[in-house]
Amino acid sequence: MRPALILACLAALAACSNPEKTGRYLIDPPTPAARVANNLGTAELRDVSLPEYASAGEVSWQTADGAVRSNPRNLWADKPQRAFTLTLARAISDMSGATVIAEPWPLAEPPRRRIEVRVEKALAQLDGVYRLQGRYYVSNDSAGGTNHARSFDIAVPLPVAERRAGSLGLGSLGGGGATKSLTSPAAIAAAQNAAISQLAEQIAVLGGPGGTVKTSAPRVDPIFAGLPPLEPLPPLEPLPEISFEPAS
């Protein structure tokens, strides 16, 4: 192999291994402009359940063949489940004044409610829309408390850019000529952050399609769940009669 070719290959390998080529993107929804009533009081937010592709470390998107793809150069700056949960709790608290804290609950006084979010889709779609879809649940353990089971389907438009195939754009999978592709991973991160902010507002107002169920009895603490029922107390013996003699 010629020396010039060897040097060119070494330079290409050095460029590929350059850590500055790797981008890390924050899950950090903007502070909501809207202010809503405090409908939650104190609430513990369970770890948000995410699809596997959304909980991985790489930013993912959908390509023309319908596949979900990612690139090791485009990473989330934190574990997606952790960041999604923490920032969602913060956004709900900021807009409503409620005390919503991600599990585990750190305060001595237990929360009045628990929130569980199950995300079914969190994806930059081929149609140029970031879609955040799933269901959330708000439980109230006290007798007569209201429990909510509601769905959400949030769509945030993604900008579309013209890129040359073979460039570092998300949609460039090879071939010649110009091709339309989803814009940068930074724009996907921004769209996801906007979607999380909208989800926070929906949960804060207990909105969305779904239903409510009243709690019929207070929740039994697991510590006491396996104990046998208490035996009834024996009846009390009657008190002896007390007589008074009339004064002379």
Side-chain angles (χ1 to χ4, degrees), residues 27 29-55 62 68 80-107 109-125 127 129-157 191-225:
I27 298 177
T31 301
R35 291 293 182 269
V36 300
N38 182 352
N39 297 304
L40 297 171
T42 57
E44 179 186 57
L45 176 60
R46 301 289 179 86
D47 288 339
V48 175
S49 173
L50 294 172
E52 183 177 356
Y53 62 82
S55 62
Q62 188 179 33
V68 177
Q81 183 186 48
R82 176 183 183 276
F84 197 116
T85 305
L86 291 174
T87 58
L88 179 61
R90 184 196 69 203
I92 297 172
S93 300
D94 288 348
M95 73 166 48
S96 67
T99 302
V100 180
I101 304 176
E103 68 171 334
W105 184 258
L107 305 180
E109 180 70 18
R112 293 186 59 189
R113 294 175 175 84
R114 289 175 176 81
I115 305 171
E116 186 166 342
V117 179
R118 300 178 184 178
V119 176
E120 300 168 8
K121 180 181 289 187
L123 182 63
Q125 297 182 153
D127 58 1
V129 170
Y130 180 88
R131 178 63 57 81
L132 183 64
Q133 190 176 37
R135 292 180 66 81
Y136 75 90
Y137 307 89
V138 179
S139 64
N140 186 334
D141 295 333
S142 60
T146 303
N147 302 272
H148 298 265
R150 301 190 178 278
S151 61
F152 56 90
D153 189 358
I154 298 168
V156 178
Q192 175 171 283
N193 289 333
I196 294 174
S197 184
Q198 292 184 38
L199 175 59
E201 183 175 358
Q202 183 174 333
I203 295 175
V205 300
L206 300 172
T212 59
V213 179
K214 289 286 185 181
T215 303
S216 58
R219 182 176 67 92
V220 178
D221 194 296
I223 297 176
F224 306 105

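Owing to the predicted nature of the structure, the values given are computational and were not obtained by experimental measurement.
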The side chain to side chain contact (heavy atoms under 4.5 Å, CB included) partner of I101 among L45, L86, L107 is L107
Apply side-chain contact (heavy atoms from CB on, under 4.5 Å) to the pair L206 and L40, showing each step before the final yes or no. CA-CA 9 Å; L206 300 172; L40 297 171; 3.9 Å; yes
Looking at A89 and A102, what are the two nearest heavy atoms and their distance? CB-N, 4.1 Å
Which heavy atom of A98 sits nearest to which heavy atom of N38, and what is that distance? CB-OD1, 3.3 Å
Give a yes or no on this: more than 12 heavy atoms of other residues, nucleotides or ligands lie within 6.0 Å of atom CZ of R112. no
Polar side-chain atom of E44 near backbone of P104 as donor-acceptor pair, under 3.5 Å: no
Tell me, with the steps shown, if L88 and Y136 meet side-chain contact (heavy atoms from CB on, under 4.5 Å). CA-CA 12 Å; L88 179 61; Y136 75 90; over 6 Å; no
Not counting sequence neighbours, list each pair that qualifies as a side chain to side chain donor-acceptor pair (under 3.5 Å) and has a residue in residues 192-209. Y130-Q192
Audit row: T212, R150, side-chain contact (heavy atoms from CB on, under 4.5 Å) steps and yes/no: CA-CA 8 Å; T212 59; R150 301 190 178 278; 3.4 Å; yes
Between T85 (side chain only) and V48 (backbone N and O only), is there a donor and an acceptor less than 3.5 Å apart? yes
OG1/T146 to CG/N140 distance, rounded to the nearest 0.5 angstrom? 7.0 Å
N39 and A204: which non-hydrogen atoms are nearest, and at how many Å? ND2-O, 3.0 Å
With side-chain contact (heavy atoms from CB on, under 4.5 Å) as the test, would you mind laying out the steps for I203 and F152 before giving the verdict? CA-CA 9 Å; I203 295 175; F152 56 90; over 6 Å; no
Pair T215, D141 - check side-chain hydrogen bond (donor to acceptor under 3.5 Å, both in side chains), show working. CA-CA 7 Å; T215 303; D141 295 333; 5.9 Å; no
Once salt bridge (charged side-chain N to carboxylate O under 4.0 Å, His left out) is applied, do any residues pair with R131, and if so which ones, sequence neighbours excluded? D153
Heavy-atom check, side chain of I27 versus side chain of P80, under 4.5 Å: yes
Which heavy-atom pair separates T42 from P111 by the least distance, and what is that distance? OG1-CA, 3.5 Å
G145 versus N147, closest heavy-atom pair with distance: O-ND2, 3.6 Å
In this structure, CG of L50 is separated from CG of L132 (nearest 0.5 Å) by 9.0 Å
Going by an N to O cut-off under 4.0 Å, is there a salt bridge joining E116 and R118? yes
Looking at every non-hydrogen atom in both residues, tell me the closest pair between A149 and Y137 and how far apart they are. CB-CD2, 3.6 Å
Taken to the nearest 0.5 Å, the spacing of E120 CD from S49 OG works out to 9.5 Å
If you count heavy atoms of other groups shown closer than 6.0 angstrom to CZ of R135, is the number above 12? yes
Sequence neighbours excluded, every pair satisfying side chain to side chain donor-acceptor pair (under 3.5 Å) that has a member inside residues 86-95: D28-R90
